[in-house]
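In what follows, a single structure is set out as structure tokens and then discussed.
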Amino acid sequence: MLMGDKWLVCSAWPYAHGIPHLGNIIGSILSADVAARYLRLKGCEVVFVSGSDEHGTPIEVEAIKRGIRPKELTDEIHSRMKKLFDRWNISFDNYSRTENPVHIKFVQEFYMDLYERGYIFEDEMLLPFCPKCNRFLPDRFVHGTCPYCGFEDARGDQCDKCGRLLTPTMLINPRCSICGSKPIIKKTKHWFFDLPKLSNDIEKYILENSNLPENARNMSLQVIRDGLKPRSITRDNKWGIPAPFPGAEGKTIYVWMEAVLGYISATIEYFSKKGEKDRWKEFWLNPETKSVYFIGKDNIPFHTIIFPALLIASSRNYNLPWTVASTEYLLYEGQKFSKSRRIGIWIDEALELLPTDIWRFTLVALRPEVRDTSFRWSELLNVINKMLNDDIGNFIYRTLSFIYTRMDGVVPERHEMDEIDKRTVDEIASMYRRITEYMDEFRIRLALHEVAGLARLGNRYLNEREPWNTIKTDWERTCTTMNIAFSIARSVAIMLLPFIPSSAEELLRQMNYNVNDISWSMAKDLVPGGHRINKPKVVFKKLTEKDVEKLLKKLDEIRGSSRS
RNA sequence: AGCGGGGUGGGGAAGCCAGGUUAUCCCGCGGGGCUCAUAACCCCGAGGUCCGAGGUUCAAAUCCUCGCCCCGCUACCA
């Protein structure tokens, strides 16, 4: 990718049902932020969008329980999430929401367009309906006894006990999970997106898009070969975007099928707020623009099949996803995150315990890139104490201290380089290349581990050169050593900018640089002599096991006081 | 059940698609060194039937077949 490239960085939209947990944020928003910051640092023009996904039955039901309107509920959650993402230092260009008028209008026009193009048809179907609540029930809102294992609280889509797939009509003694009364089966009309019609186009898109990761390609191709089925796009919910089709009064668009369009509407909204009404087209209609979507593994087919299909069906030449960057799941100490069982840590709680950059660093270092990975406190200690403090922090500090106290705070010139120097300089270059490659592939976990490796190279180099000895006998030798050491330190700081922006900025400030003057490619360069630095300070500190115990205790307190 | 992904020394990862001398890296462990630095850093060492069983090949962690285990999708949960 070149300077000046345009990039659309998209992150899955968090559902406004509650606050995301650590697994949610590393899978989508935090990874996307690292990518967005990296691309900007490379000089690309980036638009980074996401937003709150706020429609659908769970939210409607939750609002009913609380005796408020759904909009009041999502207003509150949206504003909390927005503030939290700020505190997590997420550099969104636009964090929007599906209740935003631009989105609602866009979705309605988009689907009306598809309707007129013949991609939408209607059909009748039989669905569970609760007479008392006067609402149709999604499968999982019907509970009852599992016909296979007899578990009494099986859901209408699947039994949690034996794992078997169910339909609501299979349940013995079915009941509405909201009010407990017995649902009836009622006929209703719905509108469907004719996905099979686009099968060939989608297959072609996937086959021709070599940027898609292999797992996403394989899975998607298989789904297509198995035969795509029409997807229903309407619901009988009140809470949602009104379906625009003739005769669809009272129906809303299914959340899944509208929230993905938010990537486009949020871009439109962003530019129109900036007073550049048409510029969104450069990001969605210019085929040179690249896009990446950060999502969890469960979300792949939606982004490689359904979303592209919608875009193709519109015939507006929207850019299809250039690639998707999916993650496996983050576990908490070996278990799945569970809101009801309070297993895990949520992103609001996290910031009450430790600074943002500690979380960002740890989560990226543990990012589940190829398999499910556990967040463990022991791993946090390891990553923060060894990688961040010892390898990175200490290397930079010892280098800066040496220059500040022994060389008048001025980075010296290089003189004659011997084999060790040359070899080291070559290694810097090859590590820079490798890290850049990893970043370009969005394998940011590997990239971060390599950045720590670069700091280790610096440590090794200093130990080999022993500037604290050579300074007594050979000033020029020492100058060369410290110039190269400082260059490595600066590279490390630069390459940390996407990961831990505020700490990296502090490091660069100590080195007397303004981040606005920094670009990614400077990380491969040796620094010219004569540059004055500021007084170095220790930036990172270690955590002990005792600290962790205290944090866990504090977590309990936070939860106790907020349990209302 | 079908499909996709994963299963590499005590923990975490790379390598696998394009097979090749002693299987790489980080942490941990044992020993040594250094003293500029955050009790940090550097070096050396121990530790692996590369999930299991077959097969292809001069040669398999890597390719093929079968099996086991974990996760996801296939389902109107977002």
Opposite nucleotide pairing with B/C77, Watson-Crick or G-U, both atom distances under 3.5 Å: none

Rounded distance in Å - CD (A/E437) to P (B/A14): 16 Å

Short side-chain N/O contact from A/R376 to OP1 or OP2 of B/G12, under 4.0 Å: no

A/Q222 side-chain proximity, nearest of B/C3, B/C77, B/A14: B/C3

Complement of B/C3, any strand, by Watson-Crick or G-U distances under 3.5 angstrom: B/G72

Presence of A/R443 side-chain N/O under 4.0 Å of B/G15 phosphate oxygens OP1/OP2: yes

Touch class at under 4.0 angstrom, heavy-atom based, for A/L366 against every strand present: nothing

Touch class at under 4.0 angstrom, heavy-atom based, for A/N218 against every strand present: sugar-phosphate

SB check A/D236 A/K251 (cutoff 4.0 Å): yes

B/C42 base / A/N459 side chain donor-acceptor hit below 3.5 Å: no

A/W377/A/F375 aromatic ring centres below 6.0 Å: yes

A/R235 to A/Y254 six-membered ring, cation-pi geometry met (6.0 Å, 45°): yes

For B/G30, the Watson-Crick or wobble partner whose two distances fall under 3.5 Å: B/C44

Whichever of A/E464 and A/S232 has its nearest RNA chain B nucleotide further upstream toward 5': A/E464

Atom pair distance, as rounded to whole Å: CG in A/D298 and P in B/C71: 14 Å

Sugar-phosphate, base or nothing in reach of A/D391, heavy atoms under 4.0 Å: sugar-phosphate

Between B/C36 (P) and A/I471 (CD1): distance, integer Å: 10 Å

Phosphate contact (B/A13 OP1 or OP2) by A/R371 side-chain N/O below 4.0 Å: yes

P spacing across the pair B/U38 / B/G47, given as an integer number of angstrom: 37 Å

Sugar-phosphate, base or nothing in reach of A/K229, heavy atoms under 4.0 Å: sugar-phosphate

Touch class at under 4.0 angstrom, heavy-atom based, for A/V370 against every strand present: sugar-phosphate

Length of the line joining A/L381:CG and B/G28:P, which is rounded to integer Å: 12 Å

Distance below 4.0 Å between A/Y329 side-chain N/O and B/C71 OP1 or OP2: no

Closest listed nucleotide, where the reference is the side chain of A/M219 and the choices are B/G4, B/C36, B/C26: B/G4

Under-4.0 Å side-chain N/O to phosphate OP1/OP2 contact, A/R460 with B/C43: yes

Spacing of A/E450 atom CD relative to B/A13 atom C1', expressed in whole Å: 11 Å

Sugar-phosphate only, base, or nothing, as touched by A/F141 at under 4.0 Å among non-hydrogen atoms: nothing

CA sep, side-chain torsions, deciding dist, call: A/Y263, A/H303, ring pair (Phe, Tyr, Trp, His ring centres under 6.0 Å): CA-CA 11 Å; A/Y263 296 128; A/H303 285 78; 5.7 Å; yes

Under-4.0 Å side-chain N/O to phosphate OP1/OP2 contact, A/T373 with B/A13: yes

Centroid-centroid distance, A/F294 to A/F442, less than 6.0 Å: yes

A/E369 with A/R445: basic N within carboxylate O range, under 4.0 Å: no

Interatomic distance at P, B/A23 relative to B/G48, whole Å: 12 Å

Short side-chain N/O contact from A/K386 to OP1 or OP2 of B/G28, under 4.0 Å: yes

Sugar-phosphate, base or nothing in reach of A/E379, heavy atoms under 4.0 Å: sugar-phosphate

Distance, rounded to the nearest Å, where A/I305 contributes CD1 and B/G72 contributes C1': 14 Å

Under-4.0 Å side-chain N/O to phosphate OP1/OP2 contact, A/K336 with B/G72: yes

Under 4.0 angstrom between A/R225 side-chain N/O and B/C3 OP1 or OP2: no

Among B/C27, B/A14, B/G4, the one nearest A/N215 by side-chain distance: B/G4

Interatomic distance where CD1 belongs to A/I392 and C1' belongs to B/C26 [whole Å]: 12 Å

Salt-bridge contact A/D418-A/R465 (side-chain N to carboxylate O under 4.0 Å): yes

Side chain to side chain contact (heavy atoms under 4.5 Å, CB included) between A/Y293 and A/F307, intermediate numbers included: CA-CA 11 Å; A/Y293 297 75; A/F307 182 52; 3.4 Å; yes

Length of the CD1-C1' vector between A/I384 and B/C27, whole Å: 14 Å

